[in-house]
Amino acid sequence: MPERRRPQLNVHVQGWLLALPAVVLLAAFTHVPAVATVIDSFFSTPHGRRPAAFVGLDQYRTMMADPIFRLALKNNLLYALITVPVSIGLALAMALWVKGSIQGRTALRLAFFTPTILPMVAAANIWLFFYTPDYGLLNQVLRALGFSSVNWLGSPATALPALMALTIWKEAGFFMVFFLAALQQVSPVLYEAARMENASGWLVFRRITWPLVMPTTLFVAINALINAFRVVDQVIAMTGGGPNNATTLLLYYVFQVAFNFWDSAYAAALSTVLLLVLAIVAFLQFFLLDRKIHYR
Amino acid sequence: MNILTRLTIAATLAVTALGASDASATDITFYYPIAVGGPITKVVDDYVAEFSKTHPDITVKPVYTGSYQDSIVKAMTAAKAGNAPDVAVLLSTDMFTLIDDELIEPYDAIAKSESDQAWIKSFYPAFMENSQADGHTWGIPFQRSTIVQYWNKDAFKAAGLDPEKPPANWDEMVAFGKKLTKRDASGAVTQWGLEIPSSGFPYWLFQALTTQNGAILANQDGTKVAYNDPKVVEALQFFADLSQKHEVMPKGVIDWGTTPKDFFEGKTAMMWTTTGNLTNVRSNAKFAFGVAALPSKVRGGSPTGGGNIYIFKSGDKARQAAALEFARFLSTPERAADWGIATGYVATRPDAWQTDAMKKYVSGFASAAVARDQLKEAVAELSTHDNQRVTKALNDALQAVLTGVKPAKPALDEAQAEATRILARYQP
């Protein structure tokens, strides 16, 4: 009996040892900081000789009364609500277009994918020059058409849409690749049958293509939504959250509170809320959409 | 198991090797940011090399830490991890943040000899305003600036103005601006009269307007602000009127970074920006340009800006003494002059302007002395406890008014209420 139990124990130890590097990395860089963040959010920010004190839900009460937090949340929801569907729609349209056998298909695919290759900060800097008042590309086009110059990033009404445009431009090409792969998985037999039934193009899309790429759509939607709440690079590079917080998004506000205001406890509370929002989004999508998805 | 044991031993050895250091010389770390163009790291490396020649017992490790914002983040996080730099150049306005976290040592606590005391008194008083609080001196001016106006002499000539005469007061600025603003047949503007940037840190440029209107935004101890003082409201109304009523300046927020480019491209005939841009303008403007002190209203004036040298608490007397020695070395008249010529910053002490190198530089390029001459009217840059939060309240108000979202008075009342709330716990 003892001879039989020893190897059994070893298997467990071995298993854990094999998993150890991954467990250590995940714990050290994801789980421990996440838990520590939640704990920190119930304390005050330590300063000099004043150590952190337990303040209960004070940070969350401050947050509820904080107009910039509410604005950041609103901006972020708007940002997600617009960039996610638009970039998915665009990605699907582009994928449908470059799927067929048209002239210069490879070049077209490459062109659509190029924005994805650029680092966000580089892309933001390019777009910064598109948006520059007077001599920026966009304004030169407007002028040639007889309109007056618009201060895209300098007016509260246009600054956030300007950032959204950059995001859509950058993400659509990336998502297109997923749709392209999904479209190639759809059996041509279905399309042949549809053609024999003389179904219209729209009917084919609605009844065949759309349901069959649904798993990809869900995957892309979750990614896009998470990305929408993780936006920070282009805000820092292009507007710094201005004018008057018009482009302040949640993560950027967390960054500002943590590293400009040095209020680490409040930043922890904000991060906790951000974490919660993302968790809710992910769960909702999995549970609500899961049922409507056609898996083969 | 065998491999694991070996790995453990190797790791232990590595840690021991990294942890051990040479204790014979005093090692100090020096953090510095770069905020202007040019081969600045080389200049700093040369200073350090020169220092180690005359001080063989001290080893300085210079660390380039990025922008001002990156630098304060690095210094604060390093300090919180118990690994603070010994000396660092950080924004003069970061002073209260550093004091409140008890990270820096006041100079008067370590610089006690008579020559040390004389050294602390040798800088322009306008710069020292952002170095002193609660009766202590916390920073020594290193790379400091003021705001100046640049004007395009060719554009002045084309508009029928005297190219040698920049606006001396607000009324002239508006009048000149109207003449300089050119529109094409469709009414679209092809050249603006003036640009005062308002992105990022609009409070700094706005502070020039409030100073000229006779207001002071914060007290010396950084515990009170006067955002809704009637003179401040008036100054903000004027700032907004420049674009909304007089139409001599573009509407909305004007980007700090592209303002010099707008000037080079002839999109604006006048601009306000830091004297630190002087070398940049000199090498990029394809037309004759002038540099002058800012126009006045009830008085002239500009806030100062830029970075100070701070000495961090380390609890180690030898390292603090070495840090002080290095700070003194960086701020001798000769080095202050050299640094000013290399970067465009204002040399921080009067005797630096008496050095041969500086005299020669100014005689060939008179614009270099404009910022210095403006110093007698300069005021401390807005700086308080919880500084970035208190200034953000003002920044938000400014941008709201400049973009036409709110009128000046209620916006500043709100900013004042927010700042008062934040500063409540710092009241004596």
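Numbers restart at 1 for each chain; the letters A, B, ... are given by sequence-line order, proteins then strands.
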Which answer fits [X], side chain, backbone, both or neither, if we ask what part of it has an atom under 4.5 Å from a heavy atom of chain A?
X: B/S199; result: neither
X: B/V390; result: neither
X: B/V73; result: both
X: B/E265; result: side chain
X: B/N395; result: neither
X: B/L398; result: neither
X: B/K80; result: side chain
X: B/T97; result: side chain

So, for [X] and [Y], which heavy atoms are closest and what is the spacing to 0.1 Å?
X: A/G154; Y: B/T403; result: O-CG2, 3.4 Å
X: B/T77; Y: A/F259; result: CG2-CE2, 4.4 Å
X: B/V405; Y: A/P156; result: CG2-CG, 3.7 Å
X: A/R143; Y: B/A188; result: NH2-CB, 4.4 Å

Report the distance from atom [atom1] of [X] to atom [atom2] of [Y], rounding to the nearest 0.5 Å.
X: B/K392; Y: A/I68; atom1: NZ; atom2: CD1; value: 4.5 Å
X: B/T258; Y: A/Y131; atom1: OG1; atom2: OH; value: 15.0 Å
X: A/T248; Y: B/D396; atom1: OG1; atom2: CG; value: 7.5 Å

Please indicate whether B/F287 has more than 12 foreign heavy atoms, meaning atoms of other residues, nucleotides or ligands, lying under 6.0 Å from its CZ. yes
Sort out for me which of B/K261, B/Q69, B/M76 touches chain A most, counting heavy-atom pairs under 4.5 Å. B/M76
Identify the residues of residues 22-33 of chain A whose heavy atoms come closer than 4.5 Å to a heavy atom of chain B, ordered by number, or report 'none'. none
Of the backbone (N, CA, C, O) and the side chain (C-beta and beyond), which part of A/P133 lies under 4.5 Å from a heavy atom of chain B, both, or neither?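 Looking at A/P133, nothing touches chain B.
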Which answer fits A/L128, side chain, backbone, both or neither, if we ask what part of it has an atom under 4.5 Å from a heavy atom of chain B?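 Neither part.
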B/V253 backbone acceptor or donor facing A/N151 side chain under 3.5 Å: yes
